[in-house]
Amino acid sequence: FKLLFLFIITINAYSALLDKVAGVINDKVITLSEIERIKSTIEFRKEVTPLIFTKDKYSNQEVLNIIQNNYIVRDKLSEMGYVISDDSVESRISETEKRQGLKRQDLINFLDSKGISFSEYFELIRKGMEYSIFYSRIISPLVNITDQEVKNTYYNQTNSQKSLSF
């Protein structure tokens, strides 16, 4: 009994919190370290996926919301039959390499300098492609702006000026 008690005390003395659960989305656990990782590379993520990352700084909750939105967009596209394959992503990356005159190793070295792994970059490209399709196929058809709405907005924004002409 004393040996068991000593063993339990020893285990408890060396236990440490490794990570915290920030959220659960579709049975996938999102950890605080994942959120911090994303926050530490926001500048690069804004360059690669400007539709997703639009601000310079994010709170943990905002990053968690972005992750959640990524899942929602992917699920909605999947329901509609749009699935971005690995081959499509690879093709997009190859186009970028050709356009920039880079070899794969050059790209990997660049990504390393930005603190991003190639697999993270690959998924960022996929998410960017998903958002692009989502906006063009789902959101854009829902938006209808009339000429009168444009005129009203223009008038409201310039109503302090003396003369207006339409």
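Any value given below was found using the heavy atoms of this structure, including those in side chains, with hydrogens, waters and symmetry copies removed. Nothing here was measured: the structure is a model prediction, and the numbers come from that model.
Ionic pairing of Glu120 and Arg45 is present here: one or more N-O contacts between side-chain nitrogen and carboxylate oxygen are shorter than 4.0 angstrom.
Here the straight-line distance linking atom CD of Glu47 with atom NZ of Lys114 works out to 5.5 Å at 0.5 Å rounding. Rounding to the nearest 0.5 Å places CG of Asn65 at 9.0 Å from CD1 of Ile72. If you take NZ on Lys76 and CD1 on Ile133, they are separated by 14.5 Å, rounding to the nearest 0.5 Å. Within the model, atoms CZ of Arg92 and CE of Met129 stand 4.5 Å from one another, a figure rounded to the nearest 0.5 Å. One finds the CD1 atom of Ile93 at 9.0 Å from the CZ atom of Arg126 (value rounded to the nearest 0.5 Å). How far OH of Tyr71 is from OG of Ser78: 13.5 Å, rounded to the nearest 0.5 Å.
Nearest heavy atom pair, residue Leu124 against residue Val48, reads CB-CG1, 4.2 Å. Ala22 and Leu32 get closest at one heavy-atom pair: CB-N, 4.1 Å. Considering all non-hydrogen atoms of both residues, Lys39 and Tyr58 come closest at CE-O, 3.2 Å. Of all heavy-atom pairs between Ser88 and Ile84, the closest is CB-CG2, 4.2 Å. The heavy-atom pair separating Phe53 from Lys46 by the smallest distance is O-CG, 3.3 Å. Summarising the geometry of Arg104 relative to Phe118, their closest heavy-atom pair is NH1-CZ, 3.1 Å, with the distance given to 0.1 Å.
Two different hydrophobic clusters hold Val63 and Val24 under the rule that ILVMFWY side chains link at heavy-atom gaps under 4.5 Å. No continuous path of hydrophobic side-chain contacts links Ile35 to Val29 [ILVMFWY only; heavy atoms under 4.5 Å]. Taken together through direct or relayed side-chain contacts under 4.5 Å among Ile, Leu, Val, Met, Phe, Trp and Tyr, Ile139 and Tyr82 form part of one hydrophobic cluster. Hydrophobic clustering places Ile30 together with Ile42 (ILVMFWY residues linked when any side-chain heavy atoms are closer than 4.5 Å, directly or through intermediates). In the hydrophobic clustering of ILVMFWY residues, with side-chain heavy atoms under 4.5 Å counting as a link, Ile38 and Phe122 come out together.
Sorted by first and then second residue, the salt bridge (charged side-chain N to carboxylate O under 4.0 Å, His left out) pairs with a member in residues 127-136 read Arg74-Glu130; sequence neighbours excluded.
Between Glu34 and Ile67, the closest side-chain pair of non-hydrogen atoms is not below 4.5 Å. Side-chain contact between Ile108 and Tyr121: absent, with no pair of heavy atoms (C-beta onward) separated by less than 4.5 Å. Side chains of Tyr131 and Thr49 form no contact here, defined as non-hydrogen atoms less than 4.5 Å apart. Using a 4.5 Å cut-off on side-chain heavy atoms (C-beta onward), Glu36 and Asn60 make contact.
More than 12 heavy atoms of other residues, nucleotides or ligands shown are found within 6.0 angstrom of NZ on Lys55. Heavy-atom contacts from other residues, nucleotides or ligands closer than 6.0 Å to CD of Glu43 number 12 or fewer.
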(message) Checking Ile138 against Met80 for the side chain to side chain contact (heavy atoms under 4.5 Å, CB included) test, could you report, in this order, the C-alpha distance in whole Å, the side-chain angles of both residues, the deciding distance, and whether it holds?
(response) CA-CA 10 Å; Ile138 296 172; Met80 297 179 70; 3.3 Å; yes
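In this structure a side-chain-to-backbone donor-acceptor pair under 3.5 Å is missing from Ser132 to Gly128. One N or O on the side chain of Thr146 and one on the backbone of Glu149 form a donor-acceptor pair closer than 3.5 Å.
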